[in-house]
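These numbers come from the heavy atoms of this one structure, side chains and all, not from hydrogens, waters or symmetry mates.
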Amino acid sequence: MKKLLSAMFLLLVIAFFAGCGNEKGSTDKKLESKGYFGKLVSIKMNYKADDSTLTAKARTEAKSADDLVAFQSKLNKLEEDAKAEFAAEAGKLGLPITIPFVDSTGNTGYVVKDAKITAIDWDRATIEATIELKTDSEKTAGGQNVQLSVPVLMLDENNSIIKDHNYDNWVILGVSKEMKAGETHQVTGGVSINPANAAMKKLVFKSYDDYKKAKGWN
């Protein structure tokens with residue numbers, strides 16, 4: 001019975017490893033970008049490549065439960081070190097970072113005053129923009145505040161729109177509270193720390209009508 005339980009445990013742990021590292025890691029250790037997130041994305045991609053390599057090694061070399069536990073410890077340390085390196089690199093950026101932008105919203109409901117990266121973690125960066133309202137915020141028939149959505153496109157150093165596969169990669173900044181014309185408020189949203197967004201250098205603010213047209217909603 002003891003041998004049977006050990007065998008079952010081993011199969012379960014191997015099954016666990018089979019589910020790890022399936023996201024294909026980049027083998028390119030020299031990912032370069034002049035965008036804000038270039039070095040950060042490089043750290044993440046290097047980690048994913050190393051994680052995949054170590055996971056594959058565990059599948060072929062682990063002969064016992066103790067071996068698998070040892071490999072899991074190495075995987076945990078690999079992630080811990082990568083996230084520490086990521087945090088150290090993010091700390092060098094000197095947040096908040098002011099981002100150049102173009103306001104092409106038409107200035108119908110608000111004017112964009114500034115844009116910044118205010119926080120960065122392993123998965124995403126927070127973008128915050130200050131807007132000056134030209135109209136009062138909207139409410140539902142029941143008196144609830146309607147979120148003000150501020151669509152943004154990201155540009156690289158060549159002023160090319162950053163895409164998600166073949167589609168423009170829109171970011172929606174928003175705020176939901178009562179606001180009056182003439183007031184200034186912050187709208188915030190998140191940007192994934194991934195290879196596509198590594199080259200982000202500038203923002204273009206668009207109107208919500210532009211966003212809906214791009215999505216084919218009207």
Side-chain angles (χ1 to χ4, degrees), residues 1-97 99 116-128 152 154 156-157 162-167 169-173 188-201:
M1 177 63 73
K2 184 176 181 181
K3 289 183 178 179
L4 177 61
L5 289 174
S6 296
M8 290 177 64
F9 173 76
L10 183 59
L11 288 172
L12 286 171
V13 178
I14 290 174
F16 167 77
F17 273 115
C20 295
N22 286 336
E23 184 176 357
K24 186 177 181 182
S26 170
T27 57
D28 182 6
K29 297 267 186 170
K30 297 181 180 179
L31 179 63
E32 298 291 343
S33 170
K34 294 184 179 179
Y36 293 111
F37 307 133
K39 290 184 178 180
L40 298 175
V41 171
S42 181
I43 292 169
K44 290 189 67 173
M45 298 305 292
N46 290 343
Y47 159 70
K48 289 179 180 179
D50 292 340
D51 178 83
S52 295
T53 299
L54 187 56
T55 299
K57 190 175 181 181
R59 292 181 186 136
T60 58
E61 297 184 9
K63 304 302 182 184
S64 67
D66 287 342
D67 290 343
L68 289 169
V69 170
F71 272 111
Q72 183 61 63
S73 178
K74 291 179 182 179
L75 286 166
N76 292 343
K77 184 64 164 58
L78 189 67
E79 181 178 7
E80 179 183 332
D81 289 347
K83 289 187 174 180
E85 182 183 3
F86 182 97
E89 189 61 41
K92 295 176 184 178
L93 295 177
L95 298 175
I97 303 169
I99 313 173
K116 299 176 181 177
I117 301 170
T118 58
I120 296 175
D121 61 34
W122 182 253
D123 293 316
R124 55 180 260 161
T126 300
I127 293 181
E128 177 184 282
V152 183
M154 297 178 287
D156 62 19
E157 61 179 322
I162 291 175
K163 295 180 178 291
D164 182 2
H165 295 87
N166 294 324
Y167 301 96
N169 195 359
W170 290 87
V171 179
I172 302 298
L173 311 184
T188 60
V191 174
S192 297
I193 305 294
N194 60 31
N197 297 336
M200 191 268 280
K201 286 290 289 184

**Asked** So, Ser73 side chain and Val69 main chain: donor-acceptor pair closer than 3.5 Å or not?
**Response** no

**Request:** Could you go through the side chain to side chain contact (heavy atoms under 4.5 Å, CB included) check for Lys83 and Tyr47 one step at a time?
**Result:** CA-CA 9 Å; Lys83 289 187 174 180; Tyr47 159 70; over 6 Å; no

**Side chain proximity check, Thr55 to Thr53, heavy atoms < 4.5 angstrom** = no

**Asked** When rounded to the nearest 0.5 angstrom, what is the spacing between NZ in Lys77 and CD in Glu79?
**Response** 12.0 Å

**Item:** side-chain hydrogen bond (donor to acceptor under 3.5 Å, both in side chains) involving Asn166 - partner list, sequence neighbours excluded
**Value:** none

Distance-only check: which donor-acceptor pairs under 3.5 Å involve side-chain atoms of residues 118-128, not counting sequence neighbours?
unit_1: Asp121; atom_1: OD1; unit_2: Asp123; atom_2: N; d: 3.0
unit_1: Asp121; atom_1: OD1; unit_2: Arg124; atom_2: N; d: 2.8

**Prompt:** To the nearest 0.5 Å, how far apart are CG in Leu75 and CG in Leu54?
**Reply:** 4.5 Å

**Message:** Between Leu40 and Leu93, is the side chain to side chain contact (heavy atoms under 4.5 Å, CB included) condition met? List the steps.
**Reply:** CA-CA 10 Å; Leu40 298 175; Leu93 295 177; 4.1 Å; yes

**Request:** Taking salt bridge (Lys or Arg N to Asp or Glu O under 4.0 Å) as the test, write out the residues that go with Glu89, two or more places apart.
**Result:** Lys92

**Request:** Compare all side-chain heavy atoms of Val171 with those of Met200 and state whether any distance is below 4.5 angstrom.
**Result:** no

**Complete:** The reported gap from CZ in Phe37 to CE in Met154 (rounded to nearest 0.5 angstrom) is 8.0 Å

**Asked** Excluding sequence neighbours, so at least two apart, what forms side-chain contact (heavy atoms from CB on, under 4.5 Å) with Ser192?
**Response** Asn194, Asn197

**Prompt:** What is the distance from atom NZ of Lys163 to atom CH2 of Trp170, rounded to the nearest 0.5 Å?
**Reply:** 10.5 Å

**Message:** Quick check on Lys201: does its NZ atom have over 12 non-hydrogen neighbours (other residues, nucleotides or ligands) under 6.0 Å away?
**Reply:** yes

**Item:** Rounded distance (nearest 0.5 Å) linking atom CG of Leu68 with atom CZ of Arg59
**Value:** 11.5 Å

**Message:** Run the salt bridge (Lys or Arg N to Asp or Glu O under 4.0 Å) test against Lys57 and tell me which residues pass, sequence neighbours left out.
**Reply:** none

**Prompt:** salt bridge (Lys or Arg N to Asp or Glu O under 4.0 Å) with Lys74: which residues, sequence neighbours excluded?
**Reply:** none

